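Below is one structure, written out as structure tokens, with a few remarks after it.
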2 protein chains.
Amino acid sequence: MLSFTEENYLKAIYHLSDGGLKSVLTNEIAESIQTKPASVTDMVKKLALKNLITYEKYHGVKVTRQGKSQALAIIRKHRLWETFLVEKLGFDWGEVHDVAEQLEHIQSPLLIEKLDEFLGFPSADPHGHPIPDKNGKITIARQITLLEATEKKAIIRSVKDSSASFLDYLSKVGIYIGATVQVMERLAFDGSLEIKIDGKKKVYISREAGENILVTQ
Amino acid sequence: MLSFTEENYLKAIYHLSDGGLKSVLTNEIAESIQTKPASVTDMVKKLALKNLITYEKYHGVKVTRQGKSQALAIIRKHRLWETFLVEKLGFDWGEVHDVAEQLEHIQSPLLIEKLDEFLGFPSADPHGHPIPDKNGKITIARQITLLEATEKKAIIRSVKDSSASFLDYLSKVGIYIGATVQVMERLAFDGSLEIKIDGKKKVYISREAGENILVTQ
DNA sequence: TATAAAGTTTAGATTAGTCTAAAAATTTAT
DNA sequence: ATAAATTTTTAGACTAATCTAAACTTTATA
Ligand SMILES: [Mn+2]
Ligand SMILES: [Mn+2]
Ligand SMILES: [Mn+2]
Ligand SMILES: [Mn+2]
């Protein structure tokens, strides 16, 4: 069984590796987990001994099949708890991350099964991020950024940036998961977008915002 | 802020002290927390430095006002989570303790407030144990053991022993929190009780079981 | 391609929590 | 009241996770 700390490292590495595709360097991990490179070196050795990652001195780490499976289990818990907090307890979608960061480490397979059922087996968390199933399987729909969307209608599916500040901004503007939007115009000046939400509200969002919103068309 | 371990020690000491009344000895703590007396000595020094307990070498510890308040906050969380697990997730009352033992350490005042509200501000957990309010206040009704109950009707309020084995036994026999019971006879031989549950079912329970069931009359 | 810069690892120290074995204090029994 | 038994504390060691500073490797630059 992994410690709290080992779980946090493994999850961070998994995310940085884009789901196990890329290999990940020491400094990236250190930055993402807010620690020093020397500490990362120690920990990746430990995770490598447990066969969760492979580690090549000076050349970063790769997540193993086992590591992926464990990382996905943690991500599953994180996202189910976030869903619970928003759907059942009435949290705002920008408030849930830090609490879920703690709840994801609770050890009880039965609890997660029952929570999943209580929530009605949701397929995505409040940020639109897919919730892996019991076997770690993720059902991914092809998503593009709002910036890349053509002028046809698109549906908001998820956000790349889950920071409270960005989510607050979206709420204020009137953008939410599931909203139907249409890009009316791309301003030549700074790349900002004029969009219509649910056929009614017309708003302007920055190029950067557009890059952090994922949609399906 | 207290660490996971410090919280567990403080809660154990609070319980052993009967809510802060008695002073508690090193070996009792060691046994209750499944650790060695030497480790307890180290930890009580730390908790004393934080003014949560007072420590007199060789003569045990007492819980301070501050310590009580913090212990009650942890107990509040423990019991709210147990209530959630049973009421919302459908756990059996004997399955919840170990999970609540983890959940009680989640740090988020907002979470507990919202959970409390979601549960409808319950006053007791699945074992009938009172849930302290936000300020640590406990509303206690005078309870006696079923063994001490006279032959009038009594209502089952809580259990002294929350072990899975005892709770399983009670469920099998048909005893639950809120049931109306009447002691029909006390057997001279071994002190066991003949009781009628809800005016219908008649069962025999041991003296020891009777000592671990609390009722009001 | 040699040198500088950046990134990574190692060495050694620190803190929290735990343990065993030995020493000291308290309690119980004679 | 002394000795024996029990309880508690201290001393010293260990593991997990962290850090700083120094050494080493890789990459970028001239
Ligand atoms: Mn976490
Ligand atoms: Mn999320
Ligand atoms: Mn606990
Ligand atoms: Mn309980």
Side-chain angles (χ1 to χ4, degrees), chain A residues 1-17 22-63 67 70-71 74 98 101-102 104-107, chain B residues 1-17 22-63 67 70-71 74 98 101-102 104-107:
Chain A
M1 228 202 50
L2 298 184
S3 72
F4 187 97
T5 311
E6 289 170 327
E7 288 195 342
N8 281 338
Y9 269 93
L10 179 59
K11 194 180 62 146
I13 293 168
Y14 178 84
H15 278 135
L16 290 168
S17 75
K22 303 193 301 187
S23 71
V24 182
L25 301 176
T26 301
N27 271 3
E28 303 178 66
I29 300 170
E31 202 202 353
S32 114
I33 226 164
Q34 297 274 72
T35 186
K36 302 290 166 184
S39 308
V40 173
T41 300
D42 283 347
M43 181 55 82
V44 296
K45 284 180 187 168
K46 251 180 68 182
L47 294 177
L49 270 177
K50 296 192 177 189
N51 295 312
L52 299 165
I53 59 179
T54 56
Y55 167 51
E56 251 196 293
K57 254 191 185 185
Y58 293 102
H59 294 90
V61 301
K62 285 203 178 79
V63 184
Q70 297 231 32
I74 302 163
D98 294 345
E101 204 58 45
Q102 299 178 61
E104 72 191 358
H105 303 290
I106 301 292
Q107 303 289 351
Chain B
M1 226 204 49
L2 298 185
S3 72
F4 188 98
T5 310
E6 290 169 326
E7 289 195 340
N8 281 337
Y9 270 93
L10 179 59
K11 195 181 60 146
I13 292 168
Y14 178 83
H15 278 135
L16 290 168
S17 75
K22 303 193 301 187
S23 71
V24 182
L25 302 176
T26 302
N27 271 4
E28 304 179 65
I29 301 171
E31 202 203 353
S32 115
I33 226 165
Q34 297 276 69
T35 185
K36 301 293 165 182
S39 308
V40 173
T41 300
D42 283 347
M43 181 56 82
V44 296
K45 285 180 186 167
K46 252 180 67 183
L47 293 177
L49 270 177
K50 297 193 177 186
N51 295 312
L52 300 165
I53 58 179
T54 56
Y55 168 51
E56 250 196 293
K57 252 192 189 184
Y58 292 102
H59 295 90
V61 301
K62 284 204 181 76
V63 184
Q70 297 231 32
I74 302 164
D98 293 346
E101 204 57 45
Q102 299 178 60
E104 71 191 358
H105 304 290
I106 301 292
Q107 303 289 352

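Note that these values count all heavy atoms, side chains included, but never hydrogens, waters or copies made by symmetry. It should be emphasised that the depicted structure is a prediction, and the values quoted were computed from it without experimental measurement.
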- Quick one: is Asn27(B) getting a side-chain N or O under 4.0 Å of the dT8(D) phosphate, OP1 or OP2? yes

- Query: His59(B) NE2 to dT9(D) C1': how many Å, rounded?
  - Reply: 13 Å

- Message: Using whole Å, what does the distance between atom P of nucleotide dT8(D) and atom CD of Glu31(B) come to?
- Response: 12 Å

- Of dT8(C), dT10(C), dT27(C), the nucleotide closest to the side chain of Thr26(A) is dT8(C)

- Query: Which part of the nucleic acid, if any, lies within contact of Tyr55(B), taking any heavy atom under 4.0 Å across all strands shown: a base, the sugar-phosphate backbone alone, or nothing?
  - Reply: sugar-phosphate

- May I ask you to evaluate whether Lys45(A) reaches the phosphate of dT10(C), defined as a side-chain N or O under 4.0 Å from OP1 or OP2? yes

- Would you confirm whether His15(A), through its side chain, and Ile13(A), through its main-chain N or O, come within 3.5 Å as a donor-acceptor pair? no

- Minimal heavy-atom distance between Gln102(B) and Gln107(A), with the atoms involved, is OE1-N, 2.7 Å

- Task: Starting from P on dT15(C), measure out to CD on Glu6(B) and report it in whole angstrom.
- Result: 15 Å

- Item | Glu31(B)/Asn27(B) under side-chain contact (heavy atoms from CB on, under 4.5 Å): CA gap, chis, key distance, verdict | CA-CA 6 Å; Glu31(B) 202 203 353; Asn27(B) 271 4; over 6 Å; no

- Starting at atom CD of Glu28(A), determine the distance to atom P of dA6(C), rounded to an integer number of angstrom. 17 Å

- Item | Distance test, side-chain N/O of Lys57(B) to OP1/OP2 of dT7(D), below 4.0 Å | no

Tabulate atom names and distances for all N/O pairs under 3.5 angstrom spanning the protein and nucleotides 18-20 of chain C.
residue : atom : partner  : partner atom : Å
dT18(C) : OP2  : Tyr9(B)  : OH           : 3.3
dC19(C) : OP2  : Thr35(B) : OG1          : 2.7
dC19(C) : OP2  : Lys36(B) : N            : 3.2
dC19(C) : OP2  : Ser39(B) : OG           : 2.8

- Indicate the atoms forming the closest heavy-atom contact of Gly67(B) with Leu10(B), along with that distance. O-CD2, 3.7 Å

- Query: Among Leu52(B), Thr54(B), Thr26(B), Ile53(B), which residue meets the side-chain contact (heavy atoms from CB on, under 4.5 Å) test with Val44(B)?
  - Reply: Ile53(B)

- Round to a whole Å and report the spacing from CD of Glu7(A) to P of dA16(D). 16 Å

- Query: dT27(C) phosphate, OP1 or OP2: any side-chain N/O from Tyr58(B) under 4.0 angstrom?
  - Reply: no

- Leu2(A)/Lys50(A) under side-chain contact (heavy atoms from CB on, under 4.5 Å): CA gap, chis, key distance, verdict: CA-CA 9 Å; Leu2(A) 298 184; Lys50(A) 296 192 177 189; 4.1 Å; yes

- Item | Lys11(A): which of Gln70(A), Glu6(A), Glu101(A) passes side-chain hydrogen bond (donor to acceptor under 3.5 Å, both in side chains) | Glu101(A)

- Rounded to whole angstrom units, what separation is found between the CD atom of Glu56(B) and the C1' atom of dT8(D)? 14 Å

